[in-house]
Amino acid sequence: MILDMAFKNLIRQGMRSLLNVLVTALIIIAIIFALSLLNGFQAQALRNMSTTDVAGGHYRVPGFDILTPTEWEDLTLPVPQALRHLPHSEKAEVLVQQGQLFPNRRLFPVQLRGINIDQSLLDLPLHTLKNGRMEIGETIPVVLGKQMAKKAHLTVGDTVVLKWRDKFGAVDALDVRVMDVAPMINPRIDEGVVWMRLDHLRQITQRAGEVTWVAVKRPVGPVAGFEFQTVENLMADLLTLLKHDRRNTRILWFFLIALAGISVFNTQILNVFKRQKEIGTLMALGMTSKKIIRLFSLEGILTALMAIVAAAVLGVPFFIWFQGVGFDISHLSETGFPVREKIFLDIKMAEVVYSTLVTVGIMVLMSWLPVRKVARLEPTQALRGRAIT
Amino acid sequence: MLKIQNVSKVYRVGGQDFIALHNINLEIEDGAFMSFVGPSGSGKTTLLNLIGGLDSPTSGEVVFNGFHLNEMSRDQLAVLRRENIGFIFQSYNLLPVYSVYENILFPLLLNKQKESQVRDKVMALVEKVGLSAEANKKPAELSGGQCQRVAIARALVKDPLLVLADEPTANLDVENSHHILEMMRTLNQETQAAFIFSTHDEKVTRFVNREVALEDGYVKSDKVKQPNGELI
Ligand SMILES: Nc1ncnc2c1ncn2[C@@H]1O[C@H](COP(=O)(O)OP(=O)(O)OP(=O)(O)O)[C@@H](O)[C@H]1O
Ligand SMILES: [Mg+2]
């Protein structure tokens, strides 16, 4: 009976209940959307990091730090025996050195990154290097990422002077030719990086057989003279950034839920205020305060339940549509996140259930809070419409 | 059935005590059909509220059918009203979301009866108050007289011992008032429910069997209808 009454009361409030249902539904959708988008973004960022750079971890020369270029020259070693026999699909040998480009006579410090051109562990757009000559002739073939090319004002076919130091400290210089400007989905292998064949880099720096690190598909146990950097280590900074994002999303979450809560809270206050006479009548007819509170709370709960239905009805088609088109974040390419493509939602069922439950829980609480005072209402005052002013 | 013993009601208004009822003593028998009359502010509503357990006296006590209302909790009073007392209000106070039929059914549902078992009873009552054609209409679609008839049916549907009506005719024109009073008198005779209503309408006098006049919170007179039709 109370359910029937609550339902009819809601219908009577028409526009107001509809608005509450819609606001709550949109908020549920927004929360799930924000969380899932972040999930999708993170998943893609981590995937991109791992397919273009990190793989299953690096065996590195001990002490190497990508942020300390002045030490790169001292931190190279021959490929360790234990890793030599791994197939090209399971390892990528990388040598990192300092260099200086001189586009338009300006000095442009760069990271020279040589990678074994036969490797297929990492997914890098370097095919133009693969078909190049083995020997270095008048120019060294290199590939730049789009961001890098833009910063250095270089395009395909350009030649530019490169200076570097070899193993014995001698400074040498030669022209490099930009064979390709390729889209790199990971800015860390784009900005400031000049890609070349590993054999070329070894040759010009006189470091035959040497590497800075070897990326592997999976760890193969301790390797003498090298230290293993796990995926988590290599992505530590990214993971920290993402954690920060999570926190921001949670703040958004909180605001959205507060918004929905306030709208229901407000409706309920108005309800109790405007319907005092009705409450008084119900009391005169012999309804206990407890039951009246239950009735009004139920109206709020029904709103929340209808909001879930509405959220499903509106949300599912929206999410399906979104997964079809994706979200283009190429404009974010200036940021340090290794994501430059479209991102898609990664909807986690647990999060959906959790978010919905929390939202509904708050709705229920907000429906009940303002109605509590009915318990202390004097029937005569309520009947006169003077109990709450 | 009803004993009102030394009942006083004091309101505190702006730090001052205002005595709305002074030491009222009344005894009301089963099946009474009576009114409280008096000018505005004389305490009629206050007294009805005390009788119905909607409010409690500052001193004295109300004993209804053996129940001492002072000693009962809010919830117990609610149950007492639910089972034994019907209310009729000046402004009808129907539930706006419910149809005529549902409004009249409502007190029975509150008393945990099944709709299927009481449908006929409710419909019979709808017919008795002359609203068969309006059974499915909402209160907003009814005239004042029709609303008050719904309210009467709602008060009576649970076969109460007592019906309290606070100025039931104040919002109605002469003809409708007449109708309503006539109807209440008939129902009083048929159901043996006692009716007490408050009014300052002189026309009511000729319908009632007893008239208690209040003034400034005192009982000014208590007249009973004689066989010749006069109230003395
Ligand atoms: N809640 C209250 N607080 C303060 N004073 C009140 C309250 N309720 C009633 N009174 C006062 O008590 C007196 C009696 O009021 P009551 O409503 O019983 O009069 P009444 O006879 O029903 O008048 P009316 O014919 O206008 O309905 C009035 O002077 C009124 O102002
Ligand atoms: Mg009154």
Side-chain angles (χ1 to χ4, degrees), chain A residues 1-18 267 270-296 298-300 302-303 306 371-387 389, chain B residues 9 11 20 45-57 73-99 102-115 138-140 151 154-155 157-158 160 163-166:
Chain A
M1 177 189 68
I2 287 191
L3 187 69
D4 175 64
M5 261 183 110
F7 195 72
K8 286 182 170 153
N9 283 336
L10 265 192
I11 303 278
R12 175 166 63 114
Q13 286 165 36
M15 205 55 202
R16 200 139 33 90
S17 2
L18 190 70
T267 311
L270 212 66
N271 263 346
V272 176
F273 175 72
K274 279 184 36 175
R275 289 162 65 189
Q276 289 181 68
K277 215 166 143 187
E278 188 181 327
I279 293 172
T281 307
L282 292 173
M283 286 173 156
L285 290 176
M287 216 166 170
T288 56
S289 321
K290 221 186 291 165
K291 257 199 176 158
I292 296 171
I293 292 173
R294 217 179 298 157
L295 168 68
F296 278 69
L298 203 57
E299 289 178 24
L302 278 180
T303 306
M306 290 199 274
V371 180
R372 255 179 337 164
K373 63 172 93 162
V374 169
R376 281 179 277 112
L377 218 56
E378 284 298 326
T380 51
Q381 298 290 82
L383 275 169
R384 277 155 40 117
R386 300 244 190 93
T389 44
Chain B
K9 181 68 185 178
Y11 290 113
T45 301
T46 305
L47 187 54
L48 282 181
N49 286 340
L50 294 179
I51 294 171
L54 290 174
D55 206 350
S56 49
S73 69
R74 277 178 67 133
D75 282 1
Q76 286 172 324
L77 287 172
V79 173
L80 185 79
R81 284 196 296 274
R82 201 176 78 192
E83 292 173 349
N84 299 304
I85 303 177
F87 282 88
I88 299 169
F89 303 94
Q90 177 181 336
S91 48
Y92 329 127
N93 291 18
L94 301 177
L95 299 176
V97 292
Y98 276 177
S99 67
E102 289 168 324
N103 261 287
I104 299 173
L105 171 68
F106 185 71
L108 296 180
L109 297 184
L110 271 186
N111 279 323
K112 303 194 170 70
Q113 308 216 36
K114 292 261 174 306
E115 191 198 341
K138 297 280 162 64
R154 180 177 68 178
V157 72
K158 57 191 172 191
V163 174
L164 299 173
D166 194 5

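- Taken from CZ in B:Phe106 to CG in A:Asp4, the straight-line distance is 10.0 Å, to the nearest 0.5 Å.
- Interface residue A:Leu383: only side-chain heavy atoms are found under 4.5 Å from chain B.
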Could you walk me through whether A:Met283 and B:Phe87 pass side-chain contact (heavy atoms from CB on, under 4.5 Å), step by step? CA-CA 11 Å; A:Met283 286 173 156; B:Phe87 282 88; over 6 Å; no
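- The line from NZ of A:Lys290 to CZ of B:Arg74 is 12.0 Å long, rounded to the nearest 0.5 Å.
- Counting heavy atoms from C-beta on, the side chains of A:Thr281 and B:Arg154 come closer than 4.5 Å.
- Residue B:Glu83: no heavy atom, backbone or side chain, is found under 4.5 Å from chain A.
- Separation of atoms CG (B:Leu95) and CG (A:Leu282) is listed at 5.5 Å; rounding is to 0.5 Å.
- Summarising the geometry, atom OG1 belonging to A:Thr288 is positioned 12.0 Å from atom CG belonging to B:Leu77; distances are rounded to the nearest 0.5 Å.
- Between B:Ala78 and A:Met287, the shortest heavy-atom distance links the atoms CB-O, 4.1 Å.
- The minimum heavy-atom distance between A:Leu285 and B:Lys158, with the atom names listed, is O-NZ, 3.9 Å.
- Taking 4.5 Å as the limit, some side-chain heavy atom of B:Asn93 sits within range of a side-chain heavy atom of A:Lys277.
- To the nearest 0.5 angstrom, B:Asp55 atom CG is 4.0 Å from A:Thr380 atom OG1.
- From B:Leu109, atom CG reaches atom CD1 of A:Ile2 across 11.0 Å, with rounding to the nearest 0.5 Å.
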